[in-house]
Amino acid sequence: METAELIEIVDREGRLLADAAAEAGVDAPVPTCPDWRVRDLLSHIGRVHGWAARFVAEGLTEPVRPAVEAAPADAELVSWYREVHGRLVDALTHADPEVKCFTFLPSEAPLEFWARRQAHETAIHRIDAESARGGDFSPFTPEFAADGVDELLAGFHSLDRSRVRTDTPRTLRVRTTDQGAVWTMRLSQDAPRTERHGEGAADCELSGPARDLYLALWNRLPITALTTEGDEKLAELWREHSGI
């Protein structure tokens, strides 16, 4: 996806998140994150936005930790989030396209990385806010949902910290039914190795519309929302150990 489109998504998703949080109220529980209330969600995503904006706006080339200062009082929390989110959108929008800064997944263009990462960070947490509010989730385009699956499988779960591992080599396939996108994950005692194709045999295949795959693989829908063919233990392995 183009960087400008991803920035537009960051903007839209953050506005939806704030609106849903305001409707839910900051003390509402977040069903998709059982240990959280909306105040925890806003505090988390606000700090992440501020952290990401610093890399882009200041051109930081070394990692820094997110700020640890306390979020404001409940009555000001939604407004605070809207302000921090606006600063992130502004930083992304006005950044030099060639900006050099730290990224934590492989990327040729840091601005594209941060736009993509914050688009999916915001979108998944928007789901959390809407789950607290109740009612239907706002839609995603299939293209964006498939991109989120790709970032998760080929990005986060290529890192050493991934806990999706097996004692003996296994193959997990993930297939969209509306986008033609397919990923093959080679599982072993090492970090998964993901290939963007559907060649060869697989021990288990998870399939569904891109939107359902996106939400289920990010653990915002039950894995049973997907069609499972083959060894269901690999679907259970994902459910239990794929959290980021």
- Query: Atom SG of Cys33 and atom NE2 of His125: how far apart are they, to the nearest 0.5 Å?
  - Reply: 6.5 Å

- Gap separating the CG atom of Asp231 from the OG1 atom of Thr171, nearest 0.5 angstrom: 11.5 Å

- Query: Atom CG of Asp147 and atom CD of Glu143: how far apart are they, to the nearest 0.5 Å?
  - Reply: 7.5 Å

- How about Arg161 and Phe156: do any of their side-chain heavy atoms sit closer than 4.5 Å? yes

- Minimal heavy-atom distance between Leu159 and Ala191, with the atoms involved, is O-CB, 3.5 Å

- Query: What are the two closest heavy atoms between Gly200 and Arg173, and how far apart are they?
  - Reply: O-NH1, 2.8 Å

- Query: Quick one: CG on Leu221 to CG on Leu226, what's the gap to the nearest 0.5 Å?
  - Reply: 8.0 Å

- Message: When you measure from the side chain of Thr176 to the backbone of Ala181, do you find a donor-acceptor pair of N or O atoms at a distance under 3.5 Å?
- Response: yes

- Task: Compare every heavy atom of Arg220 with every heavy atom of Ile127, then report the nearest pair and how far apart it is.
- Result: CG2-CG, 3.7 Å

- Hey, quick one: are Ile7 and Leu16 part of the same hydrophobic cluster, counting side-chain heavy atoms closer than 4.5 Å, chains of contacts allowed? no

- Query: Going through the distances and angles, do Cys204 and Thr228 end up as a side chain to side chain contact (heavy atoms under 4.5 Å, CB included)?
  - Reply: CA-CA 7 Å; Cys204 177; Thr228 302; 3.8 Å; yes

- Message: Contact between Ser131 and Phe137 at the side-chain level, heavy atoms closer than 4.5 Å - yes or no?
- Response: yes

- With hydrophobic residues grouped by side-chain heavy-atom distances under 4.5 Å, do Tyr81 and Val26 end up in a single group? yes

- Task: Indicate whether the side chain of Glu112 and that of Ser107 have a donor and an acceptor atom separated by less than 3.5 Å.
- Result: no

- Message: Is the shortest side-chain heavy-atom distance between Arg170 and Lys233 below 4.5 Å?
- Response: no

- Hey, are Thr122 and Arg126 close enough side-chain-wise for a donor-acceptor pair under 3.5 Å? no

- Message: I'd like to check Val174 versus Trp183 (side-chain heavy atoms, cut-off strictly below 4.5 Å). Are they in contact?
- Response: yes

- Message: Show, in sequence, the C-alpha distance, side-chain angles and deciding distance for Leu152 and Ile244, and conclude whether the side chain to side chain contact (heavy atoms under 4.5 Å, CB included) test is met.
- Response: CA-CA 9 Å; Leu152 179 64; Ile244 299 299; 3.9 Å; yes

- Query: How are the rings of Phe55 and Trp114 set relative to one another: parallel (under 30°), tilted (30 to 60°) or perpendicular (over 60°)?
  - Reply: parallel

- Task: Please tell me if the side chains of His85 and Leu17 come closer than 4.5 Å, counting only heavy atoms from C-beta onward.
- Result: no

- Return yes if some donor-acceptor pair links the side-chain N/O of Asp203 with the main-chain N/O of Gly230 below 3.5 Å, else return no. no

- Task: Determine the interplanar angle of the Tyr214 and Trp218 rings, folded into 0 to 90°, and report it as parallel if under 30°, tilted if 30 to 60°, perpendicular if over 60°.
- Result: perpendicular

- Is a salt bridge present between Arg15 and Asp11, judged by a nitrogen-to-oxygen distance below 4.0 Å? yes

- Note on the structure: With sequence neighbours left out, the residues meeting side chain to side chain contact (heavy atoms under 4.5 Å, CB included) with Val84 are His49, Trp80, Arg87

- Query: Do Met185 and Val182 belong together in a cluster built from hydrophobic side chains that touch within less than 4.5 Å?
  - Reply: no

- Applying salt bridge (Lys or Arg N to Asp or Glu O under 4.0 Å), run through Asp150 and Arg116 and close with a yes or a no. CA-CA 11 Å; Asp150 186 81; Arg116 184 193 198 198; 3.1 Å; yes

- Query: Should we say atom CG of Asp167 is surrounded by more than 12 heavy atoms from elsewhere, each under 6.0 Å from it?
  - Reply: no

- Item | Single-linkage hydrophobic cluster Phe113~Val149, side-chain heavy atoms < 4.5 angstrom | yes

- Message: Within this structure, what is the CZ-OG1 distance for the pair Arg175 and Thr227, rounded to the nearest 0.5 Å?
- Response: 12.0 Å

- Task: Of all the heavy-atom pairs spanning Asp136 and Glu130, show the shortest one and how long it is.
- Result: O-OE1, 4.2 Å

- Message: Does the plane of the ring in Trp238 sit parallel, tilted or perpendicular to the ring in His157? Use 30° and 60° as the thresholds.
- Response: tilted

- Under a 4.5 Å cut-off applied to non-hydrogen side-chain atoms, are Leu237 and Leu172 in contact? no

- Task: Take atom CD of Glu5 as the centre, draw a 6.0 Å sphere, and report whether it contains more than 12 heavy atoms from other residues, nucleotides or ligands.
- Result: yes

- Which atom names give the shortest non-hydrogen contact between Thr166 and Thr168, and what distance separates them? OG1-O, 2.7 Å

- Message: Applying side chain to side chain contact (heavy atoms under 4.5 Å, CB included) to Leu88 and Trp51, what does each step give before you reach the verdict?
- Response: CA-CA 9 Å; Leu88 170 66; Trp51 173 72; over 6 Å; no

- Message: Once rounded to the nearest 0.5 Å, what's the spacing between atom CZ of Arg39 and atom CG of Leu77?
- Response: 8.0 Å

- Message: Just so I know, are the side chains of Leu217 and Ser242 near enough to count as touching, which here means a heavy-atom distance under 4.5 Å?
- Response: no

- Hydrophobic cluster identity match, Val48 and Val78, side-chain contacts under 4.5 Å: no

- Would you call Leu153 and Arg196 a side-chain contact if the rule is heavy atoms closer than 4.5 Å? no

- Taking every non-hydrogen atom, the tightest pair across Pro192 and Ser162: CD-OG, 3.4 Å

- Taking it one step at a time, do Trp36 and His44 satisfy ring pair (Phe, Tyr, Trp, His ring centres under 6.0 Å)? CA-CA 10 Å; Trp36 277 4; His44 166 78; 5.3 Å; yes

